[in-house]
Amino acid sequence: MTIEAPPENPVTPTEQAAPPRRRLTSAGIERWTLPVVFVLTIVLFSVLKPAVFPTANNFIAIVQQNLPLLMVVGGVCVVLALREFDLSFGYVAGASGALAVQSMVLFEANWIVAVLLGVAFGALLGAVNGFLVAYTRLPSFIGTLATGATIQGVMLAISNQTIFEGISPDYVLITGASIGSFPIDIIVVAVLLLAIGFLLRFTVFGRHAAAIGDNPVAARIAGVNVKRIQLLSFILVGACAGTSGILLTSQAGQYYPDPGASLLLPAFAAAYLSLSLGRGWRFNVGGAVLGALFLAVVSTGVTMLNQPSWLGQLLQGLILLVAILALNRRRGTR
């Protein structure tokens with residue numbers, strides 16, 4: 001006598017074809033946090049200052065005033081992708097701007113030559129940082145802090161706290177010319193940032209930089225020329241800082257001591273804010289630009305509300321602290 005097993009419950013074609021439900025993970029929530037907070041911040045200041053804040057002219061002015069910051073943020077992301085630091089880019093920007101202005105004022109150089117000298121000088125100083133980090137194994141945090149202090153001392157000795165004026169009107173037009181009512185410098189910086197973002201995201205250089213940031217020993221074993229990538233990365237951030245120095249002195253129409261001193265904190269804050277938008281929590285130029293604009297909106301809004309200037313600095317520091325804490329928490333859950 002045999003006992004037949006009861007038939008299994010048939011599965012309908014609908015159940016077979018049912019796609020898995022998407023769940024909103026913590027990573028997905030974090031990826032949308034910065035854009036949502038950015039929009040809410042704009043809405044808040046627009047409500048508080050409806051006559052002046054939510055205007056096209058104000059938003060263009062915010063972007064244009066922060067072009068030096070956006071420029072250095074692109075380079076900082078490249079170095080941070082290697083898990084290295086550059087604390088000298090603010091001083092490099094100041095030195096590059098000083099060289100450009102002094103070449104016009106003291107030696108009557110053409111404004112194009114002055115621009116090329118400034119950018120090349122920034123790249124050269126970046127190469128010095130890259131050589132120290134890559135070939136002498138000097139820790140980047142201490143090494144770039146030391147070179148930055150040295151650069152600052154040399155520039156103060158040369159300028160002697162002097163404000164150089166009387167530069168070429170064409171040099172001032174670098175940040176003053178426009179197509180219609182739209183500034184040309186915004187277009188130029190946008191193109192440069194797109195190029196850096198493409199380099200970091202879609203090229204062999206970017207993949208090697210990410211591999212070094214994940215594990216430099218494994219990257220070296222895999223055949224990556226770690227020293228060359230490190231050197232090129234610091235040259236790039238130096239060139240970006242040099243470009244930023246050109247923008248700073250062009251906006252001011254003069255050279256003044258330490259023009260890039262205020263770039264350090266917001267640049268790192270913006271770069272760390274980009275981690276929430278990066279795939280696999282990687283530094284990325286697009287997210288850093290959004291983070292920098294978010295900080296700029298906060299600073300502008302605070303100013304328009306007639307709040308003390310230290311409040312904007314305090315908020316930037318708190319935002320950087322929150323970003324770093326979020327990064328540590330994210331690493332702890334891996």
- Task: Scan Val237, Asn129, Val79, Val78 and name whichever one has a side-chain contact (heavy atoms from CB on, under 4.5 Å) with Glu84.
- Result: Val79

- Task: State, yes or no, whether a side-chain contact exists between Phe268 and Leu87 at a heavy-atom distance under 4.5 Å.
- Result: yes

- May I ask you to decide if Cys240's main-chain N or O and Ser244's side chain share a donor-acceptor pair within less than 3.5 Å? no

- Task: List the steps and the verdict of side-chain contact (heavy atoms from CB on, under 4.5 Å) for Ile246 and Tyr171.
- Result: CA-CA 9 Å; Ile246 299 298; Tyr171 187 85; 3.5 Å; yes

- To the nearest 0.5 Å, tell me how far Asn57 CG sits from Ile62 CD1. 11.0 Å

- At what distance, to the nearest 0.5 angstrom, does CG of Leu305 lie from CG of Leu44? 8.0 Å

- Query: Quick one: are Leu295 and Ser299 in side-chain contact, heavy atoms under 4.5 Å?
  - Reply: no

- Item | Separation of Arg220 CZ from Asn215 CG (nearest 0.5 Å) | 9.5 Å

- Task: Please confirm whether the backbone N or O of Leu82 pairs with a side-chain atom of Gln230, one donor and one acceptor, at under 3.5 Å?
- Result: no

- Message: Just checking Tyr135: does its OH atom have more than 12 heavy atoms from other residues, nucleotides or ligands closer to it than 6.0 angstrom?
- Response: yes

- Item | Set of residues satisfying side-chain hydrogen bond (donor to acceptor under 3.5 Å, both in side chains) with respect to Ser250, sequence neighbours excluded | Thr175

- Whether Tyr272 and Phe283 hold their rings parallel, tilted or perpendicular, with breakpoints at 30° and 60°: perpendicular

- Query: Can you get from Val37 to Phe59 by hopping between Ile, Leu, Val, Met, Phe, Trp and Tyr side chains that sit under 4.5 Å apart?
  - Reply: yes

- Are Leu273 and Leu290 side-chain neighbours, meaning at least one heavy-atom pair lies under 4.5 Å? no

- Message: Looking at every non-hydrogen atom in both residues, tell me the closest pair between Gly143 and Leu138 and how far apart they are.
- Response: CA-CD2, 3.4 Å

- Query: Of Val73, Val76, Val72, which meets side-chain contact (heavy atoms from CB on, under 4.5 Å) against Leu263?
  - Reply: Val72

- Query: Is there side-chain contact between Leu70 and Leu293, with heavy atoms separated by less than 4.5 Å?
  - Reply: yes

- Item | side-chain contact (heavy atoms from CB on, under 4.5 Å) between Val189 and Leu247, intermediate numbers included | CA-CA 10 Å; Val189 172; Leu247 294 171; 4.0 Å; yes

- Step by step, work out the side-chain contact (heavy atoms from CB on, under 4.5 Å) result for Gln254 and Val101. CA-CA 7 Å; Gln254 61 186 11; Val101 170; over 6 Å; no

- Task: Identify the heavy atoms of Met155 and Tyr255 that sit nearest to each other, and give their distance.
- Result: CB-OH, 4.3 Å

- Query: Which heavy-atom pair separates Phe205 from Leu232 by the least distance, and what is that distance?
  - Reply: CE1-CB, 4.0 Å

- Query: Step by step, would you call Leu200 with Asn284 a side-chain contact (heavy atoms from CB on, under 4.5 Å)?
  - Reply: CA-CA 8 Å; Leu200 198 58; Asn284 60 95; 5.7 Å; no

- Task: Starting at CG of Asp86, measure out to OG of Ser233 and round the result to the nearest 0.5 Å.
- Result: 10.5 Å

- Task: Of all the heavy-atom pairs spanning Ala241 and Phe89, show the shortest one and how long it is.
- Result: CB-O, 3.5 Å

- Say whether Phe107 and Leu117 are linked into one hydrophobic cluster, either directly or through other cluster members, by side-chain heavy-atom distances under 4.5 angstrom. yes

- Query: Should Val298 and Trp310 be regarded as members of a common hydrophobic cluster, given that ILVMFWY residues are connected when their side-chain heavy atoms come within less than 4.5 Å of each other, either directly or indirectly?
  - Reply: yes

- Note on the structure: CG of Leu173 to CD1 of Ile184, rounded to nearest 0.5 Å, is 9.0 Å

- Query: Short question: side chain of Ser274, backbone of Ala271 - any donor-acceptor pair under 3.5 Å?
  - Reply: yes

- Query: Relative to the ring of Phe45, is the ring of Phe53 parallel (under 30°), tilted (30 to 60°) or perpendicular (over 60°)?
  - Reply: tilted

- To the nearest 0.5 Å, what is the distance between OG (Ser262) and CD (Gln316)? 9.0 Å

- Item | In one Ile/Leu/Val/Met/Phe/Trp/Tyr side-chain cluster, 4.5 Å: Val204, Phe198 | no

- Query: Honestly curious: do Phe294 and Leu48 fall in one hydrophobic cluster under the side-chain, below-4.5 Å linking rule?
  - Reply: yes

- Note on the structure: Looking only at heavy atoms, the pair that brings Gly291 and Ala270 closest together is C-CB, 3.9 Å

- Message: Test your reading of the model: is there a side-chain donor-acceptor pair from Ser103 to the backbone of Ala100, 3.5 Å cut-off?
- Response: yes

- Verify, without hydrogens or angle tests, whether Ser178 (side chain) and Ser181 (backbone) share a donor-acceptor contact under 3.5 angstrom. no

- Message: If we ignore hydrogens and angles and just use 3.5 Å, is the side chain of Ser88 paired with the main-chain N or O of Gly148 as donor and acceptor?
- Response: no

- Query: Which atom pair, heavy atoms only, marks the closest approach of Ala292 to Leu69?
  - Reply: CB-CD2, 4.0 Å

- Query: Hey, does the side chain of Thr55 reach the backbone of Val52 with a donor-acceptor pair shorter than 3.5 angstrom?
  - Reply: yes

